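Report on the following structure.
In the text below, chain A, chain B and the rest are named by the order of the sequence lines, each starting its count at 1. All values derive from a computational prediction rather than experimental measurement. No hydrogens, no waters, no symmetry mates; every other heavy atom, side chains included, goes into these values.
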Amino acid sequence: MFQVPRGTRDFTPEEMEKRRYIEQNMAATFTSFGYGEIQTPTFENLELFTAKSGESIVNELYAFTDKGGRELALRPELTAPVIRCYVERLQMEPKPLKLFYFGNCYRYDRPQKGRYREFQQAGCEVIGVETSEAAAELLALAFTLLKNVGLKNVRINIGNLTIISAIFKRLNLLKDDQKILLPLIDKSQFDDLKVSLRDCGVSGKDAETFIRVLQTSEVNEIRSFIADDPDAVKELAAMETILGLLKNAFHVTEYGIKLSIVRGLDYYKGLVFEIDAPVLGAEKQLCGGGSYELVSLFGGTEVPTSGFAIGFDRTILALEAEGFIFPPLKLDVYIIPVNQDMICTSIEIAQQLRSQGFSVDFDQLRRGIGKSLKYADSKHVEKVIIVGPKELEKKTVTLRDMKIGNQEIVSITEICAKLKKT
RNA sequence: GCCCGAGUAGUGUAGCCUGGUAACAUAUGGGACUGUGGAUCCUCUGUGCCGGGUUCAAAUCCCGGUUCGGGCCCCA
């Protein structure tokens with residue numbers, strides 16, 4: 001027997017229905033915000049990803065050499081490919097450029113709940129704008145996407161790497177120190193952080209204040225700590241403007257400042273954020289993003305860029321955990337030929353209804369009426385048409401409503417009109 | 001990549017400790033029902049993750065692999 005490879009999955013029609021629902025719903029939200037869809041190849045030159053994230057990520061990639069000796073890799077995420085595409089052929093497009101995408105990504109990780117080796121992401125990148133209103137819209141869009149698919153309880157946590165850098169500078173921390181400290185901040189391991197800060201020569205008092213600032217949501221507390229760094233003060237003021245717009249213009253209130261969001265990556269700058277679904281417990285992060293610098297690394301003229309990615313699988317898990325009812329697979333009409341002489345007419349009716357936009361199926365197993373009705377019921381069909389010789393003599397059929405349970409004799413020519421009415 | 005647990009019809013489970021004919025529910029197919037569903041009854045088909053070892057005999061015990069789940073690592 002063959003099985004799917006480790007960390008991959010088959011999706012049944014039932015599961016695909018959920019996935020398509022989310023995809024279509026999100027695409028509608030993206031387009032309503034003025035975004036255009038983009039698609040890039042499933043694999044890229046390996047170098048694209050090592051340039052972005054360093055040689056060490058090769059361990060977590062599906063990388064291979066093709067028959068021409070090219071070093072390639074299945075994409076582990078979509079930001080780098082989209083920015084590559086921008087640099088390669090979209091640099092002269094009018095700004096701002098707003099791009100969204102859906103795509104399968106691949107990582108050689110140990111699979112866990114909600115985490116697979118092949119997984120789907122939805123996301124977007126905004127190129128060529130760095131105003132507060134653009135940043136606020138990005139946050140609002142990420143939030144709206146998740147709300148629109150039906151999630152009730154999600155929360156945005158907003159951090160800022162410019163402010164974190166200013167604090168590092170003020171505490172006289174070197175680049176090498178930051179490499180040790182950032183992962184601890186990311187994981188909110190504040191006890192370990194305190195020890196490491198002391199090892200890096202930070203006084204106990206400063207360390208405690210720093211750790212308190214990392215956990216606070218009070219702007220004033222942050223401001224007093226960074227008061228002597230003009231860049232950081234400016235960034236904090238910009239952040240207040242963004243949050244003001246988010247609240248007063250986009251009417252999104254489920255957010256908080258959380259400076260310990262650092263996203264652990266070199267190329268993020270300034271605003272960073274994550275969105276959680278508390279129902280998921282430990283593995284609750286649904287979305288991550290922020291502003292970053294990649295264009296110049298890929299050889300393009302530097303422009304502001306920002307974006308985010310949403311994990312499809314966790315979004316589905318979160319919806320299921322919240323008890324969300326997905327729109328069910330729907331078959332409008334099921335046609336039952338009473339005997340084999342009725343098959344031809346049944347097919348004609350099916351074809352006619354299909355051309356009018358109804359989803360229609362008919363019995364192809366030549367089952368009895370009882371069994372066919374049972375089958376129709378198990379498929380949640382709303383209407384059944386029974387084609388039998390008695391009615392057919394008068395060019396009529398029986399139209400049965402499966403919900404109410406009653407039925408009526410309808411002329412063949414009037415079926416369509418009758419169905420449209422209800 | 002490391003540690004732990006699990007894997008029995010399509011699905012959900014029992015049996016495993018203490019080796020001896022693989023079981024139950026549900027779903028699917030057929031029928032009771034030759035023109036009317038969700039009920040009931042009958043019935044067919046279908047099951048030990050893979051490989052090796054111990055044994056007269058392995059679902060059961062042992063070893064290796066594999067997949068899933070949990071915990072690390074990682075999480076762009």
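Below the 3.5 angstrom threshold, one finds a donor paired with an acceptor across the side chain of A/R400 and the base of B/G37. In this model, no side-chain donor or acceptor of A/K403 finds a partner on the base of B/G37 within 3.5 Å. Side-chain atoms of A/Q3 stay outside donor-acceptor range of the base of B/U66, with no qualifying N/O pair under 3.5 Å. Checked by distance alone, A/E391 brings a side-chain donor or acceptor within 3.5 Å of a matching partner on the base of B/G35.
Contact annotation: A/Y108 reaches the phosphate of B/G1 (side-chain N/O to OP1 or OP2, under 4.0 Å). Listed pair A/R367 / B/G30 meets the phosphate criterion, a side-chain N or O lying under 4.0 Å from OP1 or OP2. Contact annotation: A/R6 side-chain N/O to B/C68 OP1/OP2 distance is under 4.0 Å.
Using a 4.0 Å cut-off between charged side-chain N and carboxylate O, A/K330 and A/E382 make no salt bridge. Ion pairing between a basic and an acidic side chain is recognised when a charged N comes within 4.0 Å of a carboxylate O; A/E293 and A/K269 show such pairing.
Relative to the six-membered ring of A/Y106, A/R117 misses at least one condition, a distance below 6.0 Å or an angle of at most 45° to the axis.
B/A59 is unpaired under the Watson-Crick or G-U wobble criterion, no partner having all donor-acceptor distances under 3.5 Å. In this structure, B/U26 and B/G10 make a Watson-Crick or G-U wobble pair, each of the two defining distances being under 3.5 angstrom.
The side chain of A/Q112 approaches B/C73 more closely than any other nucleotide in the set B/A76, B/C73, B/G69.
Atom CG of A/L161 is separated from atom C1' of B/A76 by 14 Å (rounded to the nearest Å). The distance between atom CG of A/D186 and atom P of B/C74, rounded to the nearest whole Å, is 10 Å.
Taking the six-membered ring for Trp and thresholds of 30 and 60 degrees, A/Y108 and A/Y62 have ring planes more than 60 degrees apart, a perpendicular arrangement.
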